[in-house]
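Since we're looking at a predicted model, the values are computed, not measured. For ligands, and for the atoms within them, numbers begin at 1 and follow the listed sequence.
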Amino acid sequence: MADVHLKRVRKSYGNVMALSEINIEIPTGTFFTLLGPSGCGKTTLLRAIAGFHTHDSGEIVVNGTDIGKLPAHRRNVGMVFQDYAIFPHVTVRENVAFGLKERKVPRAEITRRVDDILEKVQLAAYADRMPHALSGGQQQRVGLARALVVQPTLLLMDEPLSNLDAKLRVDLRRELRAVQQSMDMTTVYVTHDQEEALAMSDTVCVMYGGVIQQAAAPWEIYHSPANRFVAAFVGSNNFIPLVNGTIAGVPVPLAPGIPGNGAELALRPENLQIVTGTPPEGMVTLPATLDQVAFTGREVSVALHLENGQEVQAICAPDPALLGLPRGARTQLAFDPSRAQVFESGVTGRRLS
Ligand SMILES: Nc1ncnc2c1ncn2[C@@H]1O[C@H](COP(=O)(O)OP(=O)(O)OP(=O)(O)O)[C@@H](O)[C@H]1O
Ligand SMILES: [Mg+2]
């Protein structure tokens, strides 16, 4: 059980600023996810917490004590890696028991704790198997059991599901979260999969270029992104530049103080409607041409372009009439302006609305 407080943590490699002034607070029992594109500093931050490398400055405070200078083996953190990192020549049980033997835990207690944790990760029936006779998902659960059996104060996971196929990833996502919640284990989890981050986390921390862009609950990250980067990285978004207060020549009602230029309107695909008749009251409509309609079962994904050539994606409820529209059909895109957000132009442009 641990609360974690990172204060002004910095780390650079030569002239690459991998972490710049990281400030994070993680209350006990929280599932905290670092989310961001390749190279944004996720692994660097996780390894700094684990003690696998030293940071240049700042504090890593766990339960009120700065552990930033302790060697890794004295930090009492459990770590699960992307590649399973389990010993190939010993059984599941021996893999899981390893850390307890190292700590000279009495044999009877080792047996009891290993049995308990194997039960928890649903591997009790596989205790005497060799790792090569396990699926990828089962191997990753061995990794999890091994990290948890030593009762770490903090669990760190670096893309533990990324080597698994899509279906298994979703199943294991749920299992991981269930185990974490049942143990009330403070967890720092790394992924570049935004859907995984939203589905599993109490808090999602979006990083880019070694800088935290936003740390908030999944709902807030999705619905109130702090800047253009978060709006673009989490979920899909259409960004349409404002030119003299219009988009593609159509005037948009903007809140007072929002500039008509140098900003972009962000429209989520699910907030766009394709209308053939009269558009509903209060909606802004944009003439558009249909490029492609794809039916994916639960929804219809529609690619269009506006008068100025800008490409736009819409997600609609399945509708045979929509599926019947030919490529090149002229149509109208409608959106509720109160659901549009405005961002300053630029990769990490601020939210203005
Ligand atoms: N040992 C190193 N020496 C020099 N530069 C490094 C080293 N490790 C990481 N970097 C650089 O630091 C930055 C952050 O790397 P990091 O591994 O933390 O990214 P990441 O977010 O985990 O990416 P990924 O999603 O690809 O795993 C990158 O620019 C990377 O090239
Ligand atoms: Mg990484």
Check: Going from CG on N23 to CD on E59, what distance comes out if it is rounded to the nearest 0.5 angstrom?
Finding: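 Output value for this atom pair is 10.5 Å.
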
Which residue and atom name correspond to the protein heavy atom nearest [atom], and how close is it?
atom: atom 27 (O) of ligand 1; answer: T43 OG1, 3.9 Å
atom: atom 26 (O) of ligand 1; answer: S38 OG, 2.5 Å
atom: atom 25 (O) of ligand 1; answer: K42 NZ, 2.8 Å
atom: atom 3 (N) of ligand 1; answer: Y13 CD2, 3.5 Å

Next item on the list: Quick one: sort the F229 and F233 rings into parallel, tilted or perpendicular, breaks at 30° and 60°.
Entry: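 It falls in the parallel class, under 30°.
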
Next item on the list: Kindly assign one of parallel, tilted or perpendicular to the pair F52 and F81, based on the angle between their ring planes and the thresholds 30° and 60°.
Entry: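 Because their plane-to-plane angle is under 30°, the rings of F52 and F81 count as parallel.
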
Next item on the list: Report the part of T44 in contact with ligand 1, treating N, CA, C, O as backbone and CB onward as side chain, heavy atoms under 4.0 Å; options are side chain, backbone, both, neither.
Entry: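 T44 to ligand 1: contacts from backbone and side chain alike.
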
Next item on the list: For ligand 1, note which part of E159 has a heavy atom under 4.0 Å away: side chain, backbone, both or neither.
Entry: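 Side chain only.
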
Note to self: Within the protein, is there a heavy atom lying under 4.0 Å from atom 12 (O) of ligand 1?
What the structure shows: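 Yes.
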
Check: [X] N/O within less than 3.5 Å of ligand 1 N/O:
X: C40; value: yes
X: G39; value: yes
X: G36; value: no

Note to self: Under a plain distance cut-off of 3.5 Å, with no hydrogens placed, do D56 and S12 share a side-chain donor-acceptor pair?
What the structure shows: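 Short answer, yes.
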
Checklist line | Residue pair D336 / S338, side-chain donor-acceptor N/O under 3.5 Å | finding: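 Note: D336 and S338 side chains meet the donor-acceptor criterion.
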
Out of all atoms in ligand 1, which are within 4.0 Å of some heavy atom of [X]? Include the element for each.
X: G41; value: 14 (C), 18 (O), 19 (O), 20 (P), 21 (O)
X: A18; value: 12 (O)
X: V16; value: 29 (O)

Check: Hey, is the Mg ion (ligand 2) within less than 2.8 Å of some N/O/S atom on T43?
Finding: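 Yes, within the cut-off.
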
Item checked: Connected via hydrophobic side-chain network under 4.5 Å: L267 and L352 ->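 Hydrophobic grouping puts L267 with L352.
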
Next item on the list: May I ask you to check if R141 and Y126 form a cation-pi contact, with NZ or CZ under 6.0 angstrom from the six-membered ring centre and within 45° of the axis?
Entry: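 R141 over Y126 ring: no.
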
Note to self: Whether the side chain of S353 engages the backbone of V342 through a donor-acceptor N/O pair (distance < 3.5 Å, no angle test) should be reported.
What the structure shows: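 Side chain of S353 to backbone of V342, a donor-acceptor pair under 3.5 Å: yes, one is there.
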
Check: Testing Q213, Q214, E344 for side chain to side chain donor-acceptor pair (under 3.5 Å) with N227, which one passes?
Finding: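 That would be Q213.
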
